[in-house]
Amino acid sequence: MSIKFKLIKEAKELNSNARLGILKTEHSVIETPVFMPVGTQGTIKGILPKEIESLGFSIILSNAYHLFLRPGHELISKAGGLHRFMGWDKSILTDSGGFQVFSLGKINKINDEGVTFQSYIDGSRHFIGPKQAMEIQMDLGSDIAMVFDQCAPYPATRRETEIAAKRTFQWAKECQKHHFKKTQSLFGIVQGGIYPDLRKENAQQLIDLNFPGYALGGLSVGEPKPLMYEILDEISMILPKQKPKYLMGVGAPESILEAVSRGIDMFDCVLPTRNGRNGSLFTFKGKISITNSKFKKDLTPIDEKCQCYVCNNFTKAYLRHLYIANEMLAPILGTIHNLYFMNNLMIEIRFAIKENRFDSYKKKFLENYCN
RNA sequence: GGGGAGGUACCAAAGUGGCCAAAUGGAGCGGACUGUAGAUCCGUUGGCUGAACGCCUUCGAAGGUUCGAAUCCUUCCCUCCCCA
């Protein structure tokens with residue numbers, strides 16, 4: 001089956017366009033708003049698939065670009081698809097590689113057919129265009145595939161941004177043409193940088209192509225946060241109400257709250273996992289750097305209110321010791337805690353929307369988190 | 001007792017007349033991280049000052065040579081290795 005999205009509830013509050021939904025795929029039922037942990041190379045670094053599941057996640061993100069370069073999508077196809085290859089039987093969303101092609105390594109040539117680039121691994125030359133991006137993702141067998149898009153950097157001139165948006169639209173059409181896997185749904189990606197009119201035009205064109213879901217790309221790439229929120233204000237509401245809206249690459253708890261408030265349903269970000277590995281741990285009072293010397297003798301958990309395995313069993317002093325000593329358990333535990341925090345945040349968000357108190361929840365959270 | 005090597009910043013270790021407040025590691029301290037080239041990266045670590053500039057005190061100790069010494073000389077203290 002392709003995905004099914006059902007809008008359950010729209011907030012009936014002032015200052016909030018938050019919404020609740022149910023997203024069904026071949027592999028799982030997902031309540032939205034949802035946060036998807038990132039497992040670029042077919043693994044969420046440092047944590048077992050069964051652990052991801054027990055933390056409450058039923059969809060993760062992986063990446064066509066990386067898996068194409070290594071180990072190759074043909075192999076994964078032979079292995080029975082990415083789900084089986086990586087031992088994860090819930091949902092997977094794959095990014096097309098558009099973002100990676102433009103943000104990594106060396107680009108040799110871009111034209112309307114696609115991009116010739118050099119592998120960051122060995123410098124070898126490769127070509128990916130909309131057709132290839134579809135082939136790769138169909139081989140991977142993800143539940144949701146993304147169109148191959150061109151992500152303009154920040155800052156970028158209006159002209160550059162416009163070219164990228166136009167090409168993204170052209171490629172979106174090509175992707176549709178080459179996508180024919182019934183069990184996989186293909187989402188469109190809206191580009192247009194920080195230019196509202198370009199965004200709107202691009203969004204409208206993509207809406208006409210009737211994708212089952214829409215992503216906002218090219219945000220959170222370095223622009224000031226208020227600017228990102230402005231764009232969300234402008235674009236989120238013109239996207240079809242009955243379809244999931246996905247803000248790619250976001251992330252930070254405060255950004256998620258602001259985006260949910262603007263009607264976004266799906267998020268993915270490396271932040272909780274990467275920060276977890278690097279000793280930056282989320283708490284409801286903000287991030288802490290667990291390696292700070294002030295935690296050396298702190299025999300309390302990371303977050304008194306947290307019910308995660310890490311907080312139930314270990315002290316800050318112990319965790320700090322593991323990080324300082326470079327023990328491999330350190331990034332593992334940091335990842336578990338941060339992912340638990342994110343999932344818990346999403347649960348609280350959904351509950352607050354359900355009870356028509358999302359806006360006050362958001363304010364209270366931000367008050368604690370940002371001070 | 002004989003022969004040899006050596007003492008440099010928190011640790012290890014370069015430097016052997018001026019470009020040295022002193023390379024480089026490690027350790028410490030701080031920061032960053034947003035569709036993952038990341039168990040990574042950046043900054044900082046003698047004192048004073050607000051990262052500059054500057055000034056002050058440093059290369060085992062004390063004296064000396066020199067315009068100038070971590071670097072040369074003298075004496076002393078200490079450590080290590082080999083042979084008896």
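Just so it is clear, the structure is predicted and the values come from calculations on it, not from any experiment. In what follows, chains are A, B, ... by sequence order, proteins preceding strands, each numbered from 1.
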S.K.: For B:U79, give the paired nucleotide (Watson-Crick: N1-N3 plus N6-O4 or O6-N4; G-U: N1-O2 and O6-N3; both under 3.5 Å), or none.
M.R.: B:A5
S.K.: Which nucleotide wins on minimum distance to the side chain of A:Met328, given the candidates B:G35, B:U34, B:A39?
M.R.: B:A39
S.K.: I need the NE2-C1' distance between A:His66 and B:G35, as an integer number of Å.
M.R.: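 So the two atoms are 10 Å apart, to the nearest Å.
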S.K.: For the side chain of A:Leu104, starting at C-beta, report the closest nucleotide among B:C29, B:G35, B:A37.
M.R.: B:A37
S.K.: Nearest whole Å is fine: how far is B:A32 C1' from A:Ile288 CD1?
M.R.: 16 Å
S.K.: Both distances below 3.5 Å, Watson-Crick or wobble geometry, any strand: find the nucleotide opposite B:G43.
M.R.: B:C29
S.K.: Counting only side-chain heavy atoms from C-beta out, which of B:U34, B:G35, B:G38 sits nearest to A:Lys45?
M.R.: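 For A:Lys45, the side-chain atoms sit closest to B:G38.
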S.K.: What interatomic distance, in whole Å, is found between C1' of B:U58 and the corresponding atom of B:A52?
M.R.: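 After rounding to an integer number of Å, I get 23 Å for this pair.
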S.K.: Calculate the interatomic distance between A:Leu140 atom CG and B:G35 atom P; express it in whole Å.
M.R.: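 That distance rounds to 19 Å.
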S.K.: Just to be sure I understand the rule, does A:Gly218 reach a base, reach only the sugar-phosphate, or reach nothing, if contact means heavy atoms closer than 4.0 Å?
M.R.: base
S.K.: Taking the nucleotide of RNA chain B with the nearest heavy atom to each, does A:Val221 or A:Asn326 sit closer to the 5' end?
M.R.: A:Val221
S.K.: Does a side chain donor of either A:Asn278 or A:Ser280 reach within less than 3.5 Å of an acceptor in the other side chain?
M.R.: no
S.K.: Heavy atoms under 4.0 Å, any strand shown: does A:Ile324 hit a base, just sugar-phosphate, or nothing?
M.R.: sugar-phosphate
S.K.: With a 4.0 Å limit, can you tell me whether A:Ser293 has a side-chain N or O closer than that to the phosphate oxygens OP1/OP2 of B:G30?
M.R.: yes
S.K.: Work out how far the P atom of B:G17 is from that of B:C73, and round it to whole angstrom.
M.R.: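 After rounding to an integer number of Å, I get 11 Å for this pair.
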S.K.: Roughly how far apart, to the nearest Å, are B:G18 and B:U75 at atom C1'?
M.R.: 27 Å
S.K.: In the structure shown, which nucleotide is the Watson-Crick or G-U wobble counterpart of B:C53, with both distances under 3.5 Å?
M.R.: none
S.K.: A:Leu271 has a side chain; which of B:C33, B:G35, B:G38 sits nearest to it?
M.R.: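 It is B:C33.
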S.K.: Can you see if the side chain of A:Lys287 gets near the phosphate of B:C33 - specifically, an N or O under 4.0 Å from OP1 or OP2?
M.R.: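 Looking at the OP1 and OP2 atoms of B:C33, one of them is under 4.0 Å from a side-chain N or O of A:Lys287.
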S.K.: Which part of the nucleic acid, if any, lies within reach of A:Asp268 when heavy atoms closer than 4.0 Å are counted: base, sugar-phosphate only, or nothing?
M.R.: sugar-phosphate
S.K.: Please report the interatomic distance OG1(A:Thr116) to CG(A:Asn111), rounded to the nearest 0.5 Å.
M.R.: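 One gets 7.0 Å once the value is rounded to the nearest 0.5 Å.
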S.K.: Thinking salt bridges, do A:Lys131 and A:Glu174 make one under a 4.0 Å N-O criterion?
M.R.: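 Answer for the salt bridge query: no.
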S.K.: Check the distance between B:G35's C1' and A:Leu247's CG and give it to me in whole angstrom.
M.R.: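 The distance from CG of A:Leu247 to C1' of B:G35 comes to 9 Å, rounded to the nearest Å.
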S.K.: Can you tell me if the side-chain N/O atoms of A:Arg274 get under 4.0 Å from OP1 or OP2 in B:U40?
M.R.: no
S.K.: Does B:U34 have a Watson-Crick or wobble partner in any strand here, with both distances under 3.5 angstrom, and which is it?
M.R.: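 In the structure as shown, B:U34 has no Watson-Crick or wobble partner.
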S.K.: Considering Watson-Crick and G-U wobble pairs with both distances under 3.5 Å, what does B:G68 pair with?
M.R.: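 Partner of B:G68: none.
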S.K.: Is A:Thr291 touching bases, backbone alone, or none of the nucleic acid, heavy atoms closer than 4.0 Å?
M.R.: sugar-phosphate
S.K.: Hunt down the Watson-Crick or G-U wobble partner of B:A14, both distances under 3.5 Å, from any strand shown, or write none.
M.R.: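 Looking at the geometry, B:A14 pairs with no nucleotide.
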S.K.: Quote, to the nearest angstrom, the C1' distance that separates B:U44 from B:C76.
M.R.: 39 Å
S.K.: Between A:Phe282 (CZ) and B:C33 (P), how many Å, whole number?
M.R.: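 Rounded to the whole Å, the gap is 10 Å.
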S.K.: On the nucleotide B:C29, are OP1 or OP2 found under 4.0 Å from the side-chain N or O atoms that A:Arg320 carries?
M.R.: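 Answer is yes, contact under 4.0 Å.
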S.K.: Backbone N or O of A:Leu257 within a donor-acceptor pair of the A:Lys362 side chain at under 3.5 Å?
M.R.: no
S.K.: Does A:Gln191 reach a base, just sugar-phosphate, or nothing at all? Heavy atoms under 4.0 Å.
M.R.: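 Base contact.
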S.K.: Where the side chain of A:Asn292 is defined as all heavy atoms beyond and including C-beta, which of B:G28, B:G35, B:G31 is the nearest nucleotide?
M.R.: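 Side chain of A:Asn292 sits closest to B:G31.
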S.K.: Take atom CG of A:Leu281 and atom C1' of B:C33, then tell me their distance rounded to the nearest Å.
M.R.: 13 Å
S.K.: Grab the CD1-P distance between A:Ile231 and B:U34 for me, whole Å please.
M.R.: 20 Å
S.K.: Decide if atom NZ of A:Lys241 counts as having more than 12 heavy atoms of other residues, nucleotides or ligands within a radius under 6.0 Å.
M.R.: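 12 or below, so no.
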S.K.: Please state the P separation for the pair B:C20 and B:G15 - nearest whole angstrom.
M.R.: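 Straight-line distance between the two P atoms is 15 Å.
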S.K.: Any donor-acceptor pair under 3.5 Å joining the side chain of A:Lys225 to the base of B:U34?
M.R.: yes
S.K.: Out of the candidates A:Phe341, A:Phe35, A:Phe365, only one should pair with A:Phe282 under the ring-ring contact (aromatic ring centres under 6.0 Å, His included) rule; please name it.
M.R.: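 In the set A:Phe341, A:Phe35, A:Phe365, the residue that makes a ring-ring contact (aromatic ring centres under 6.0 Å, His included) with A:Phe282 is A:Phe341.
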S.K.: Should we say atom CZ of A:Arg158 is surrounded by more than 12 heavy atoms from elsewhere, each under 6.0 Å from it?
M.R.: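 Yes, enclosed.
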S.K.: Rounding to an integer number of Å, can you tell me how far A:Phe295 CZ sits from B:G28 P?
M.R.: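 Roughly 17 Å, once rounded to whole Å.
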S.K.: If you check every side-chain atom of A:Asn278, which of B:G35, B:G28, B:A32 has the closest atom?
M.R.: B:A32
S.K.: Which value, in whole Å, describes the distance between the P atoms of nucleotides B:G43 and B:C56?
M.R.: 29 Å
S.K.: Taking NZ, NE, NH1 and NH2 as the nitrogens, is one of them in A:Asp298 or A:Lys294 under 4.0 Å from a carboxylate oxygen of the other?
M.R.: no
S.K.: Taking the P atom in each of B:U71 and B:A9, what is the distance between them to the nearest angstrom?
M.R.: 14 Å
S.K.: Between B:U40 and B:G26, how many Å separate the two P atoms, rounded to a whole number?
M.R.: 11 Å
